[in-house]
Structures are given as structure tokens and as C-alpha cells.
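Worksheet: the structure to be examined is printed underneath.
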Amino acid sequence: MDDCIFCKIAHGDIPTDFVYSDEHVAAFRDLNPQAPVHVLVIPKEHYASGVAVEDASVWANLMSSAVKIARELGLEKDGYRMVINTGEQGGQTVPHLHLHLLAGRNLGWPPG
Ligand code: 5GP
Ligand code: ZN
């Protein structure tokens, strides 16, 4: 996807400090963090949202990477939250599947 900002980040077209990167997944800090730790974890392949994912290995790679990143960032003791906003009512603003990894403060529930 030529005009997708997260594709550009994933493919190195925009200089980015990656928190994590492997063959399938990239992770980087959110531009507008909502918590002291706010990392976005994305598949390098473009999916407009999770609705477009048909291959379960995409979920496996995304989730296992997110768990690994949380461990590497030392978040396991105090805890963290993973969120995938999907579609308009789900609050999704960037149409490339991404998982929010949030931590570092008490996170309210229910979400807004
Ligand atoms: P959504 O609202 O779609 O669940 O989340 C999109 C997230 O991407 C938002 O938290 C927003 O701050 C972040 N974001 C949007 N554009 C960029 C960007 O160019 N770079 C980074 N690092 N984050 C971005
Ligand atoms: Zn994309």
C-alpha cells in the first residue's frame, strides 16, 4: 500500500526507532502516547484491519511478538494492556492492523 503510513514505517521509508523488528512484525513508539509506555505492534504486511486477516499465523506472529516485547520492556511485573481498535466504532484511525501495547500507569476500565 503506497499511501499507508504504517507500511512506510514497516518498510523503512520513514526513519523510525524500532522497539522490535523481525521478518513479520515491527514495533515502534506511538507518536501521541496515551501512557508512559505506548508501543504499536504491526504486521509488516498490509491488512486494513483484523477483519482482513484470513491466515491465523498473522495473529500468532502479532500476539507472540507483543507478549515478547512486553517481557523485554519489563512490563510483566506491573502489568500492561493490549488493544486492537477495529473499524469506526472501534476507534480505529489508521487503516493498517496494529496492536497498542500500553503500560506504566493505572489504566481505566471500561474504556471511553
Ligand atoms: P488507532 O486509533 O487507529 O487505534 O491508532 C492509531 C495510532 O497511531 C494512534 O495512537 C496515533 O497516535 C498513532 N499514529 C498515527 N500516525 C503515526 C505515525 O506517523 N507514527 C507513529 N509512531 N504513530 C502514529
Ligand atoms: Zn499498510
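Atoms within each ligand, like the ligands themselves, are counted from 1 in listed order. As the structure is a prediction and not an experimental result, all values here were calculated from the model. We count residues from 1, following the sequence as given.
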Rounded to 10 degrees, what angle sits at the Zn ion (ligand 2) between H96 ND1 and H46 ND1?
110°
So what's ligand 1 close to, N/O to N/O, under 3.5 Å?
unit_1   : atom_1 : unit_2 : atom_2 : d
ligand 1 : 2 (O)  : G91    : O      : 3.1
ligand 1 : 2 (O)  : T93    : N      : 3.4
ligand 1 : 2 (O)  : T93    : OG1    : 2.8
ligand 1 : 3 (O)  : T93    : N      : 2.6
ligand 1 : 3 (O)  : T93    : OG1    : 3.2
ligand 1 : 3 (O)  : V94    : N      : 3.0
ligand 1 : 3 (O)  : H98    : NE2    : 2.8
ligand 1 : 4 (O)  : N85    : ND2    : 2.8
ligand 1 : 4 (O)  : H98    : NE2    : 2.9
ligand 1 : 4 (O)  : H100   : NE2    : 2.8
ligand 1 : 5 (O)  : H98    : NE2    : 2.9
ligand 1 : 5 (O)  : H100   : NE2    : 3.2
ligand 1 : 10 (O) : D30    : OD1    : 3.2
ligand 1 : 10 (O) : D30    : OD2    : 2.5
ligand 1 : 12 (O) : D30    : OD1    : 2.5
ligand 1 : 22 (N) : R29    : O      : 2.9
ligand 1 : 22 (N) : L31    : N      : 3.4
ligand 1 : 23 (N) : L31    : N      : 3.2

Tell me, do F28 and V39 make a side-chain contact under 4.5 Å, heavy atoms counted?
no
I'd like to know if the side chain of Q92 reaches the main chain of L97, judged simply by a donor and an acceptor atom lying under 3.5 Å from each other, with no hydrogens or angles considered.
no
Begin with the C-alpha distance, continue with both residues' side-chain angles, and end with the deciding distance and a verdict on ring pair (Phe, Tyr, Trp, His ring centres under 6.0 Å) for F6 and H98.
CA-CA 9 Å; F6 285 1; H98 52 282; 5.3 Å; yes
With a cut-off of 6.0 Å (strictly less than), are more than 12 heavy atoms of other residues, nucleotides or ligands near CG of N106?
no
R105 (side chain) donor-acceptor with Q34 (main chain) under 3.5 angstrom
yes
When clusters are formed by joining ILVMFWY residues with side-chain heavy atoms under 4.5 Å apart, either directly or through shared neighbours, do L73 and M63 land in the same one?
yes
